[in-house]
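To keep things clear, I will list the structure first and then write my remarks on it.
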Amino acid sequence: MQVMATFELYRRSTIGMCLTETLDEMVSNGTLSPELAIQVLVQFDKSMTEALENQVKSKVTIKGHLHTYRFCDNVWTFILQDATFKNEECTETVGRVKIVACDSKLLSQ
């Protein structure tokens, strides 16, 4: 059995925040134990990491004006303004985007 370490990075995504809110509500109502809620979040982290690693094959080019960048604890954070995301099928422009990047080699340590 392979043990997979994960980042808790995806918990701050829209789906991660909705899951966390729902789990909090279920714990508050007594529908779910806090221990089981934590297990669900850990499984969410593993599933998101695995899905993005194994199922996403498309590539995206990002261009924009770099507003802020930071490197702390082996994590890069970039804030871009007027960013354009482009892949084979479409182009999308957003006013402001935050990109957080972690070294995947840290997962295997």
Side-chain angles (χ1 to χ4, degrees):
M1 181 175 143
Q2 179 185 5
V3 176
M4 183 165 82
T6 59
F7 293 112
E8 295 178 4
L9 188 62
Y10 306 110
R11 292 185 192 183
R12 301 220 27 215
S13 67
T14 302
I15 192 169
M17 297 289 279
C18 289
L19 175 62
T20 303
E21 286 177 26
T22 302
L23 291 172
D24 287 345
E25 187 176 310
M26 292 176 78
V27 168
S28 295
N29 292 341
T31 311
L32 196 67
S33 70
E35 294 81 14
L36 188 54
I38 290 170
Q39 287 180 352
V40 170
L41 285 173
V42 169
Q43 183 59 52
F44 172 75
D45 297 334
K46 290 177 184 177
S47 296
M48 286 296 294
T49 300
E50 183 180 322
L52 290 172
E53 189 174 294
N54 299 324
Q55 296 177 16
V56 176
K57 302 297 180 203
S58 63
K59 295 187 182 202
V60 175
T61 302
I62 306 168
K63 292 185 180 182
H65 301 286
L66 183 61
H67 179 269
T68 307
Y69 68 94
R70 179 179 313 121
F71 182 71
C72 182
D73 296 332
N74 290 313
V75 177
W76 280 102
T77 303
F78 302 95
I79 297 177
L80 301 175
Q81 293 181 317
D82 301 320
T84 302
F85 291 78
K86 184 177 182 181
N87 68 6
E88 310 83 43
E89 300 170 8
C90 65
T91 300
E92 192 73 36
T93 302
V94 295
R96 187 175 176 100
V97 65
K98 180 178 182 180
I99 299 171
V100 180
C102 305
D103 189 349
S104 64
K105 293 176 195 161
L106 297 175
L107 294 175
S108 60
Q109 294 179 350

Under 3.5 Å, which donor-acceptor pairs do the side chains of residues 92-100 form with other protein atoms, sequence neighbours left out?
unit_1	atom_1	unit_2	atom_2	d
T93	OG1	T84	OG1	3.4

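- With values rounded to the nearest 0.5 angstrom, M17 atom CE is found 12.0 Å from R11 atom CZ.
- For D73 (side chain) and V75 (main-chain N/O), no donor-acceptor pair under 3.5 Å exists by modelled atom type.
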Hey, can you pull the donor-acceptor pairs under 3.5 Å for the side chains in residues 24-40, sequence neighbours left out?
unit_1	atom_1	unit_2	atom_2	d
S28	OG	D24	O	3.0
N29	ND2	E25	O	3.4
S33	OG	L36	N	3.1

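- Inter-residue side-chain proximity for L19 and I15 is flagged as unmet; no heavy-atom pair is nearer than 4.5 Å.
- Closest approach of F44 to S13, counting heavy atoms only: CZ-OG, 4.4 Å.
- Across all non-hydrogen atoms, the minimal contact from Y10 to M48 is CD1-CB, 3.6 Å.
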Run the side-chain donor-acceptor check on residues 59-70: report pairs under 3.5 Å with partners two or more places apart or on a different chain.
none

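- Side-chain atoms of T49 and E53 include no donor-acceptor pair closer than 3.5 Å.
- Taken from CG in L52 to OG in S47, the straight-line distance is 10.5 Å, to the nearest 0.5 Å.
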